[in-house]
Q: 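After the structure tokens below, expect a handful of questions from me.
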Amino acid sequence: MNLFAQFQTHISQMLIGLIGQGRLPTDLDLTRFVVEPPRDPSHGDLATNAAMVYAKEAKEGFGGPRQLASELAIMLAQSADVAEAEVAGPGFINIRLKTEVFARVVRAALTEKESFARPVAPSAEPINVEYVSANPTGPMHVGHGRGAVFGDALANLLAFAGYSVTREYYINDAGAQVDVLARSAFLRYREALGEAIGDIPEGLYPGDYLKPIGEALAKTHGRSLLDLSESQWMPKVRQFAIDGMMAMIREDLAALNISHDVFFSERSLTQGPDGSDLVGAVIEDLRQRGIIYKGRLPPPKGQLPDDWEDREQVLFKSTDFGDDIDRPLIKSDGGYTYFASDIAYHKSKIDRGFLNMIDVWGADHGGYVKRMQAAVKAVSGGQGHLDVKLCQMVKLMRDGEPVIMSKRAGTFVTLREVVDEVGVDAVRFMMLFRKNDATLEFDLAKVLEQSKDNPVFYVQYAYARGRSVLRQALGIFPDLDVSAQALAQAPLDRLTDEGELNLIKLVAQYPRQIEAAALAHEPHRVAFFIHEVASAFHSHWNKGKDMPQLRFVNEDDRLLTCARLALVESLTRVISSGLSLLGVSAPQEMR
RNA sequence: GGUCCCGUAGCUCAGCAGGAUAGAGCAGCGGUUUCCUAAACCGAAGGUCACAGGUUCGACUCCUGUCGGGACCGCCA
């Protein structure tokens with residue numbers, strides 16, 4: 001039940017009526033105005049800028065925006081839910097709602113369950129969210145974790161908003177890096193067979209995590225691989241190592257309650273089971289359409305790479321689709337560039353029915369956004385849409401001091417270690433308590449504090465406190481029915497305190513916040529909003545210290561208690577709903 | 001040299017698809033409270049929204065440029 005959306009529709013209909021009367025132009029864009037909560041509560045419960053937005057269009061039929069505003073206000077004032085509507089400031093229409101509307105909001109929050117916050121008309125449109133996609137060459141680090149949690153929460157949010165979401169992971173199992181992985185694993189294999197391998201040579205992965213892979217290789221193949229040349233053992237060892245790494249990564253993800261629907265192999269693009277080469281096919285397709293050519297690129301300005309050689313190469317005309325420079329598709333060794341594979345990969349998404357795609361990348365890949373979007377445009381005939389969400393770095397801290405991380409010194413902190421140390425809830429919440437494109441400081445000590453400074457605790461505690469209030473009410477009124485259905489019958493018109501009304505208004509805002517977060521692809525908004533709800537709840541709870549008449553449970557007034565419990569229950573539902581979208585648990589108690 | 005992101009209170013950050021007097025939390029300042037419903041509470045102060053133009057009835061928000069910080073910059077992933 002989205003009050004704001006209801007009024008948006010309501011006012012749209014009024015405008016359509018005015019168009020029908022010939023007082024507004026027929027081509028009026030009805031999406032331009034908004035209905036929102038006014039910043040200053042004294043302005044009322046809802047405000048709309050409709051009259052100002054259509055100031056120009058209102059000139060002829062109304063002589064100006066103010067007249068349009070006052071006519072709209074008169075119509076609004078006659079609406080069933082409206083207590084008062086008046087024109088204010090430069091032409092806003094401020095609306096004050098009848099108190100029973102708020103009672104209805106609370107009842108809706110109690111009885112509608114999930115659909116309370118779900119947008120009215122779910123589109124069920126397919127959307128593909130690709131996230132994590134960490135190279136299968138080692139354990140995930142904290143930066144991967146941010147993208148993982150972000151992508152997962154975004155997928156939750158979109159699914160909730162009615163999209164048909166596919167969660168996808170792109171396995172980079174085709175580049176030179178996985179060959180290095182294979183060589184590193186082969187060394188560990190020899191080690192497992194008793195060979196003294198000494199220090200790991202430069203250029204190979206030194207991590208201990210490859211030891212089990214080496215041992216497993218020894219177990220599976222015995223000494224048989226030792227006699228083979230690298231080109232002979234490479235395919236076997238490589239796939240074996242990749243599978244091992246992916247299993248490890250999936251475990252790391254599982255520790256964060258993250259799972260994907262599709263794991264898409266880069267290698268499968270060129271080496272499909274039927275021998276197909278999708279990369280070659282997409283290049284051929286683009287060639288026939290004349291957006292591939294052979295040419296030379298200007299050398300990069302500034303510092304020239306040492307091995308720069310000016311040569312002719314196969315280029316994709318990405319400048320035709322908004323990129324700054326055309327991009328090479330074939331490497332000097334004849335292989336496809338990563339970008340070429342990525343074009344085929346996104347083509348595959350489109351072919352699988354996803355015109356809506358979201359990629360979650362690390363900020364260090366920011367330079368690839370334009371070319372990828374250009375490619376999607378080219379490959380989909382302009383039908384596909386790709387949104388790329390870049391996640392900035394995570395700075396790991398402990399008690400305000402940066403945690404020194406160095407792969408070489410062995411002080412590198414893996415994602416798994418962080419999850420094991422502070423728990424899933426803390427990791428997930430903190431990763432989402434910042435805009436994705438802002439760098440994030442993650443303090444390992446702070447997230448375990450049980451204080452108001454720790455937002456994870458603060459929000460979870462608000463939920464637990466809400467549950468606690470219900471338990472305490474049962475202590476005083478043992479026969480009370482505190483089910484949502486029963487509480488929805490409470491005399492909600494008894495909720496008259498300003499603090500209580502403010503809490504209800506927050507509940508009323510929740511559906512709107514969810515919709516906005518889903519639309520903007522910004523799950524952090526959910527985290528901030530439930531933090532705000534928690535804050536308001538704690539604050540009102542604290543008022544009960546000085547003013548016992550405000551306490552939620554009132555021994556002398558059973559009906560009032562019921563009404564307040566209904567409010568508490570609607571609040572805890574908002575908080576737990578938000579937490580579940582973020583993938584954070586809502587504990588019954590925090591003791 | 002280019003592209004992208006960021007620049008909001010001392011610090012860490014929000015700011016809702018342009019809206020009314022720019023918000024919160026910490027720190028600092030001044031009080032209250034060792035009470036009870038579970039881990040304090042209240043208040044005041046703190047700002048040239050980096051800067052300069054532009055679009056608009058209206059700009060922290062959109063556009064251009066400048067400055068500052070970060071990331072990236074044929075064929076690596």
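Throughout, a chain's letter reflects where its sequence line sits, starting with A, and its residues are numbered from 1.
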Q: At under 4.0 Å between heavy atoms, what does A:His524 touch on the DNA or RNA strands: base, sugar-phosphate, or nothing?
A: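 Sugar-phosphate: the residue A:His524, judged by heavy atoms under 4.0 Å, touches backbone atoms but no base.
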Q: If pairing requires Watson-Crick or G-U wobble contacts with both distances under 3.5 Å, which nucleotide is the partner of B:rC72?
A: B:rG2
Q: Ring centres within less than 5.5 Å and planes less than 30° apart: is that true of A:Tyr461 and B:rA38 in this structure?
A: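 Whether judged by distance or by angle, A:Tyr461 falls short somewhere, so it does not stack on the base of B:rA38.
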Q: Need one value for A:Arg311: base, sugar-phosphate or nothing, where a base atom within 4.0 Å counts as base even if backbone is also close, heavy atoms only.
A: base
Q: Across the strands shown, which category fits A:Gly175 at heavy-atom distances under 4.0 angstrom: base, sugar-phosphate, nothing?
A: sugar-phosphate
Q: Sticking with atom C1', work out how far B:rU56 lies from B:rU61, rounded to a whole angstrom.
A: 13 Å
Q: Could you measure between the two C1' atoms, the one in B:rG69 and the one in B:rG30, and give it in whole Å?
A: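 Nearest-Å result for B:rG69 against B:rG30 at atom C1': 37 Å.
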Q: Base, sugar-phosphate, or nothing for A:Ala55, non-hydrogen atoms under 4.0 angstrom?
A: nothing
Q: Under 3.5 Å, is there a donor on one side chain and an acceptor on the other for A:Asn502 and A:His540?
A: no
Q: Check every strand shown and say whether A:Ala517 touches a base, only sugar-phosphate, or nothing at a heavy-atom separation below 4.0 Å.
A: nothing
Q: Give me the distance, rounded to whole Å, that separates B:rG47 from B:rU21 when you measure between the C1' atoms they each carry.
A: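 Looking at atom C1' only, B:rG47 and B:rU21 are 13 Å apart.
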Q: Within the structure shown, what part of the strands sits under 4.0 Å from A:Ala464 by heavy-atom distance: base, sugar-phosphate, or nothing?
A: base
Q: Could you tell me if A:Gln460 and A:Asp425 have a donor-acceptor pair between their side chains, going purely by distance under 3.5 Å?
A: yes
Q: Using 30° and 60° as the class boundaries, would you call the ring planes of A:Phe339 and A:Phe316 parallel, tilted or perpendicular?
A: tilted
Q: Specify the separation, in whole Å, of atom NZ of A:Lys545 and atom C1' of B:rA38.
A: 9 Å
Q: Provide the Watson-Crick or G-U wobble partner of B:rC26, both distances under 3.5 Å; none if there is no partner.
A: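 The base-pairing partner of B:rC26, which may sit in any strand shown, is B:rG10.
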Q: Take atom P in B:rU12 and the same atom in B:rG53, then report the distance between them in whole Å.
A: 29 Å
Q: Who is the Watson-Crick or G-U wobble partner of B:rA50, with both distances under 3.5 Å?
A: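 Per the H-bond distance test, B:rU66.
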Q: By the 4.0 Å heavy-atom rule, please label A:Arg327 as base, sugar-phosphate, or nothing.
A: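 The answer is nothing, as A:Arg327 stays clear of every strand by at least 4.0 Å.
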Q: Give A:Asn454 one of three labels, base, sugar-phosphate or nothing, depending on what nucleic acid heavy atoms sit under 4.0 Å from its own.
A: nothing
Q: What is the nucleic acid contact for A:Gln313, judged by heavy atoms within less than 4.0 Å: base, sugar-phosphate only, or nothing?
A: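 Result for A:Gln313 = base.
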Q: Using both distances under 3.5 Å as the test, list the Watson-Crick or G-U wobble partner of B:rC41, or none.
A: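 Looking at the geometry, B:rC41 pairs with B:rG31.
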Q: Side chains of A:Asp326 and A:Tyr293: do they bring a donor and an acceptor to under 3.5 Å?
A: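 Checked: A:Asp326/A:Tyr293 side chains pair up, N/O donor to acceptor below 3.5 Å.
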Q: At 4.0 Å (heavy atoms only), tell me whether A:Lys543 reaches a base, stays on the sugar-phosphate, or touches nothing.
A: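 Since no nucleic acid heavy atom lies under 4.0 Å of A:Lys543, the category is nothing.
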Q: Considering only heavy atoms and no angle criterion, is a donor-acceptor pair shorter than 3.5 Å present between the side chain of A:Asn49 and the base of B:rA20?
A: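 No.
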Q: NA contact type, A:Phe433, heavy-atom cut-off 4.0 Å: base, sugar-phosphate, or nothing?
A: nothing
Q: By the 4.0 Å heavy-atom rule, please label A:Thr439 as base, sugar-phosphate, or nothing.
A: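 Sugar-phosphate, backbone atoms only, no base.
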Q: Would you indicate what A:Val34 reaches in the nucleic acid, counting non-hydrogen atoms under 4.0 angstrom: base, sugar-phosphate, or nothing?
A: nothing
Q: Please confirm whether A:Arg512 makes a cation-pi placement over A:Phe4, using NZ or CZ under 6.0 Å from the six-membered ring centre and within 45° of the ring normal.
A: yes
Q: Between A:Thr270 and A:Tyr336, does any side-chain donor sit less than 3.5 Å from a side-chain acceptor?
A: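 The answer is no; no qualifying pair exists.
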Q: Distance check needed: B:rU61 P versus A:Glu522 CD, whole Å only.
A: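 So the two atoms are 17 Å apart, to the nearest Å.
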